[in-house]
Amino acid sequence: MTRKEERQTMIGVRGYFAVVTVLFLISVVLFTLFDIGGGNPRFILIFSYLFVIPLLMLIGYKILGYIKRYSQAQRLALGFAGLLNLLVFGYILLFIFTWLFYYMI
């Protein structure tokens, strides 16, 4: 996040990701110790969506901030390219997150 962002927004975003990270690490420990879930992918998807979707929203917000300076045709092209990149990046992040979760357990 840049210096232009409000302090409350930065604290909120960092706090959200810190809380989700702590909950994720606690769940990994509990799943390992008590063998909870039995390989059910629903638990993994909950945390992956809690991480990936807000991260993609933040990246999309930053992309929109960068393309404001261009003309309308350039904004349209850059916005479309940015959306396609976010879609591909999102699928890759979901795969990596799921793979790391199974690797950690």
Side-chain angles (χ1 to χ4, degrees):
M1 303 198 79
T2 63
R3 292 184 178 133
K4 295 179 187 176
E5 303 293 334
E6 291 185 22
R7 184 165 173 79
Q8 294 173 345
T9 306
M10 286 191 329
I11 291 171
V13 168
R14 289 179 184 168
Y16 172 79
F17 281 107
V19 167
V20 172
T21 302
V22 168
L23 290 175
F24 173 71
L25 293 175
I26 289 172
S27 71
V28 168
V29 170
L30 289 177
F31 288 163
T32 304
L33 291 177
F34 300 115
D35 195 26
I36 300 172
N40 192 349
R42 250 187 302 164
F43 295 110
I44 300 164
L45 288 176
I46 290 170
F47 282 108
S48 65
Y49 290 141
L50 288 175
F51 273 107
V52 172
I53 291 174
L55 181 65
L56 292 178
M57 288 172 56
L58 285 174
I59 293 171
Y61 173 72
K62 289 311 221 178
I63 288 173
L64 287 177
Y66 289 130
I67 65 175
K68 283 182 184 177
R69 301 178 209 140
Y70 297 102
S71 68
Q72 186 170 356
Q74 290 173 331
R75 276 188 283 183
L76 184 63
L78 288 172
F80 185 69
L83 180 65
L84 286 177
N85 285 328
L86 283 177
L87 287 173
V88 171
F89 187 59
Y91 281 117
I92 292 171
L93 278 178
L94 287 173
F95 170 74
I96 291 171
F97 192 90
T98 306
W99 182 69
L100 284 175
F101 192 88
Y102 277 121
Y103 180 72
M104 292 174 76
I105 291 181

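- The backbone N or O of L76 sits nowhere less than 3.5 Å from a side-chain atom of Y70 that would complete a donor-acceptor pair.
- The side chain to side chain contact (heavy atoms under 4.5 Å, CB included) check on I11 picks up R7, with sequence neighbours excluded.
- Taking CG of L78 as the reference point, atom CG of L83 lies at 12.5 Å (rounded to 0.5 Å).
- Connection of M57 to V13 is established within a shared hydrophobic cluster, with ILVMFWY side chains joined at heavy-atom distances below 4.5 Å, either directly or through further cluster members.
- Put simply, CD1 on I53 and CG on L94 are 7.5 Å apart, with the number rounded to the nearest 0.5 Å.
- Remark: F51 pairs with F97 by the ring pair (Phe, Tyr, Trp, His ring centres under 6.0 Å) rule, at least two apart or across chains.
- Hydrophobic clustering (side-chain heavy atoms under 4.5 Å, transitive across Ile, Leu, Val, Met, Phe, Trp, Tyr) keeps L56 apart from L87.
- For P54 against Y49, the heavy-atom pair with the smallest separation is CD-O, 3.4 Å.
- Not counting sequence neighbours, the partners of L55 by the side chain to side chain contact (heavy atoms under 4.5 Å, CB included) test are F17, I59, L93.
- No continuous path of ILVMFWY side-chain contacts below 4.5 Å connects I63 to L84, so the two sit in separate hydrophobic clusters.
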